[in-house]
A.B. asks: 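So that we are looking at the same thing, I have put the structure below in structure tokens.
This is a predicted model, so every value here is computed, not measured. The sequence lines fix the lettering, A, B, ..., with proteins before strands; numbering per chain opens at 1.
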Number of protein chains: 2
Amino acid sequence: MATLAQIAQLAGVTPATVSNVLRGRGKVGEDTKKRVLALAEELGYRPNLHARALVEGRPLTLALVVSSIANPFYPEFTLAAEQAARKQGYFLIVCNTNDDPELEKAYLDQVGGSLAHGVLVMNADFVEQDVLLAAERRGTPVVLCMWERPEQPPALPSIAVDFYRAGEIAAEHLLALGHRRVAAVVGSERNGNHIWRYRGFADAMARAGIDDLAEHTVFGHDTIEAGHEAAHQLLTANPQVTAIFVSNDLPAIGVLQSAADLGLRVPADLSVIGITDINLAHQIRPSLSTVAVPTAEAAEMAVNLLLSLIKGQPADGARPMLVTSRPQLVARDSTGPAR
Amino acid sequence: MATLAQIAQLAGVTPATVSNVLRGRGKVGEDTKKRVLALAEELGYRPNLHARALVEGRPLTLALVVSSIANPFYPEFTLAAEQAARKQGYFLIVCNTNDDPELEKAYLDQVGGSLAHGVLVMNADFVEQDVLLAAERRGTPVVLCMWERPEQPPALPSIAVDFYRAGEIAAEHLLALGHRRVAAVVGSERNGNHIWRYRGFADAMARAGIDDLAEHTVFGHDTIEAGHEAAHQLLTANPQVTAIFVSNDLPAIGVLQSAADLGLRVPADLSVIGITDINLAHQIRPSLSTVAVPTAEAAEMAVNLLLSLIKGQPADGARPMLVTSRPQLVARDSTGPAR
DNA sequence: ATGAAAGCGCTAACAC
DNA sequence: GTGTTAGCGCTTTCAT
């Protein structure tokens, strides 16, 4: 690997001059500039980013901590985050935690603050906030992505999405279609991070006079399999149900399959609606009605907030929370009029 | 951010000693060790990885270049690669190229050789090998992942999967089920990277006396949508077809949907088989029969090969190609006896 | 327009 | 056991 010094020697100048030429800074003579440029090209010179980061005191990478890149939502978010980061001259390091707090801590310790200039964290619920706060206290900018409760800001800078509203929107859609006997599948534990979506849905339903939802609600996990199982349980016990609200698209797909397994036609016999609008939602059959959440927008906002934190640094204790634009109904083939 | 020097000063020793304490190297007195450790803990010391990488001449990250992390195959591969890398003390930088050669080159230039110690590259077909060879010539170890032609090693170190054999296996499965009127959907251009899977399939079919496959083959892209479209075209023009081979799971899912749209029952009316066994394959309904490819194994082999290249470096021009274990049939619900 | 010098934070080799 | 020294590759004043 060619270094600045090598080029300098061959060009008969000093490293400083070479640096100036390559970065277009300072005044350099036309002829030396030509010479240096030619040499750099010939030797295939590439700056050592570690050295640059060291002297500039500013690493060139951002870290994204996710529980598992294999959950289809994350790649979509990651893609947007990576593009936003690159646009600002940063690289993105992906840190998979597999919901392992130890791993999470290890990543935060090692990557945060030196290798990476700042950290984006998903799934604030799995995370012990202490770990994040400790990292922040050490000087690592941290941004929580996809916070679910805009009305109650977390202890860290964050990007929030109004998931409560998303739940309401889903309810309004089902109500407009005439559904009154509805059930719900929640892709998290009873106190997990999907609870606000469910509350939004449940509150809207309650306002419409539907008050037995709680009896027809199953809590579980954010997977296709869990959705499948929950729906099976729900549908066999309550065949009169005409619509199921699911707190996330992945388990919603499981619900769709469960309906198919039970011989139910969607949406003629049963309507299903999810939340998020992952790519898969429009790719499966029947395509999934859902409440779209601005994933790419959130990713971009998160990167920009992180970067502004990095630059402006201690806005003396201010913990900004930015809210994305509103979730939006995407009505597809999995919802229809109540039978 | 606390530094070694700060701790050293507070502890009344030199940076070297602190370094020794923290890394457990060299001989250090019990009491100073205690003192240093306490200070480090108190100040929340974290080593600057850039500085360490600089002096050790060994970065701590590996880069993974993929065309789009949003294609569900990549996250699965990425997950395995990240775990293998971490096991060896490396971090993984994800580089999305969106099939843009410019971006690819930029990533290789900037990340390879300084920020990252080596580079894993997927989709060797989209990549101009020149760019990779140039990077390698500059001293950046490069490993091609998922090379599709074991019998013809590429110009770079690589991990190969016997996709030709995978195609054969798919053919054998359909033949065993009695299918004679078969069609094929290829998820790449006519000369794209899926061609060897198709050849494997076609050759096995030819050996069984089926020689009109070429007339029932559609080339396209590696997406659900493309598979859907190709199947629609194929099935409306050739209703007598009883089975479709698809060169990848994603378009195979599209074929499944197309069959559903046309009112065909799978597998009673039509059998469909894919290749890869992505997670989605067992999650959709009907579940997809496919030929599983050892994704995680390939990822791990790729990381290990890259690391050995980094250590052993120039095995003087040797361009090792490692072949993963054999693809394997995974018969699910999308294939059945010919009607 | 170019050079000299200092230093980013850390590790390694060797001296004490 | 602990300190000293040097240097990784680069950028940035400040001289010249």
A.B. asks: Rounded to whole angstrom units, what separation is found between the OH atom of B/Tyr45 and the C1' atom of C/dG9?
C.D. replies: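 Computing the B/Tyr45:OH to C/dG9:C1' distance gives 8 Å.
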A.B. asks: Take atom CD of A/Gln9 and atom P of D/dC10, then tell me their distance rounded to the nearest Å.
C.D. replies: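 It is 14 Å, rounded to the nearest whole Å.
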A.B. asks: For a quick test of reading the model: is some side-chain N or O of A/Arg52 closer than 4.0 Å to OP1 or OP2 of D/dT11?
C.D. replies: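 Yes, A/Arg52 has a side-chain N/O under 4.0 Å of OP1/OP2 on D/dT11.
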A.B. asks: When you measure from the side-chain N and O atoms of A/Thr32 to the phosphate of C/dT2, is any distance below 4.0 Å, counting only OP1 and OP2?
C.D. replies: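 For C/dT2, OP1/OP2 do have a side-chain N/O of A/Thr32 under 4.0 Å.
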A.B. asks: Nearest of D/dT12, D/dG3, C/dG9 to any side-chain atom of A/Ala16?
C.D. replies: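 Of the options given, the side chain of A/Ala16 lies nearest D/dT12.
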A.B. asks: Whole Å only: how far is the CG atom of B/Leu4 from the P atom of D/dG7?
C.D. replies: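 Taking atom P of D/dG7 as the reference, CG of B/Leu4 is at 20 Å.
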A.B. asks: Can you find a side chain N or O atom of B/Ser19 that sits less than 4.0 Å from OP1 or OP2 on C/dC10?
C.D. replies: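 Answer is no, no contact under 4.0 Å.
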A.B. asks: Nearest-Å distance, CZ (B/Arg58) to C1' (C/dA12)?
C.D. replies: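 After rounding, the reported distance stands at 14 Å.
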A.B. asks: Starting at the 5' end of DNA chain D and moving along, which residue's nearest nucleotide shows up first, B/Glu56 or B/Asn20?
C.D. replies: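 Result: B/Asn20.
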A.B. asks: Find out whether A/Gln129 and A/Leu144 are in side-chain contact, i.e. whether some heavy atom of one side chain is under 4.5 Å from a heavy atom of the other.
C.D. replies: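 The answer is yes; the side chains approach within 4.5 Å.
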A.B. asks: Specify the closest pair of heavy atoms between B/Glu297 and B/Ser325, including all atoms of both residues, with the distance to one decimal.
C.D. replies: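 Heavy atoms only, the tightest pair is OE1-OG, 2.5 Å.
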A.B. asks: Using a 4.0 Å heavy-atom cut-off across all strands, classify A/Ser114 as base, sugar-phosphate, or nothing.
C.D. replies: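 Here A/Ser114 touches no strand at all.
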A.B. asks: Round to a whole Å and report the spacing from CG of B/Leu22 to P of C/dC10.
C.D. replies: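 Atom-to-atom, B/Leu22 to C/dC10, this comes out as 9 Å.
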A.B. asks: In whole angstrom, what separates A/Gln6's CD from D/dC8's C1'?
C.D. replies: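 Those two atoms, CD and C1', are 13 Å apart.
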A.B. asks: OP1, OP2 of C/dG9 versus side-chain N and O of B/Thr3: anything below 4.0 Å?
C.D. replies: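 Negative; the distance criterion is not met.
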A.B. asks: When the distance from CG of A/Leu49 to P of C/dC8 is rounded to whole Å, what number comes out?
C.D. replies: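 To the nearest whole Å, that distance equals 20 Å.
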A.B. asks: If you assign each of A/Arg23 and B/Thr14 to its closest nucleotide in DNA chain D, which residue comes earlier from the 5' end?
C.D. replies: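 In this pair, the answer is B/Thr14.
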A.B. asks: Mapping A/Val13 and B/Pro15 onto DNA chain C by nearest heavy atom, which one lands closer to the 5' end?
C.D. replies: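 Final value for this comparison: A/Val13.
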A.B. asks: Out of D/dG9, D/dT2, C/dC10, which has the shortest distance to the side chain of A/Val55?
C.D. replies: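 Closest nucleotide to the A/Val55 side chain: D/dG9.
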A.B. asks: Across the strands shown, which category fits B/Gly29 at heavy-atom distances under 4.0 angstrom: base, sugar-phosphate, nothing?
C.D. replies: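 The answer is sugar-phosphate, as B/Gly29 gets under 4.0 Å only of primed atoms, P, OP1 or OP2.
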A.B. asks: On a heavy-atom basis, which atom in B/Ile69 and which in B/Pro75 lie closest, and how many Å separate them?
C.D. replies: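 Between these two residues, the closest heavy atoms are O-CG, 3.2 Å.
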A.B. asks: Pick one: which of B/Leu156, B/Ile159, B/Val143, B/Leu305 meets side chain to side chain contact (heavy atoms under 4.5 Å, CB included) with B/Pro320?
C.D. replies: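 The residue from B/Leu156, B/Ile159, B/Val143, B/Leu305 that satisfies side chain to side chain contact (heavy atoms under 4.5 Å, CB included) with B/Pro320 turns out to be B/Leu305.
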A.B. asks: Taking the side chain as C-beta and beyond, is there a heavy-atom pair between A/Leu92 and B/Val94 under 4.5 Å?
C.D. replies: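 With C-beta onward as the side chain, the pair stays apart.
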A.B. asks: Take atom CG of B/Leu54 and atom C1' of C/dG9, then tell me their distance rounded to the nearest Å.
C.D. replies: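 The distance from CG of B/Leu54 to C1' of C/dG9 comes to 9 Å, rounded to the nearest Å.
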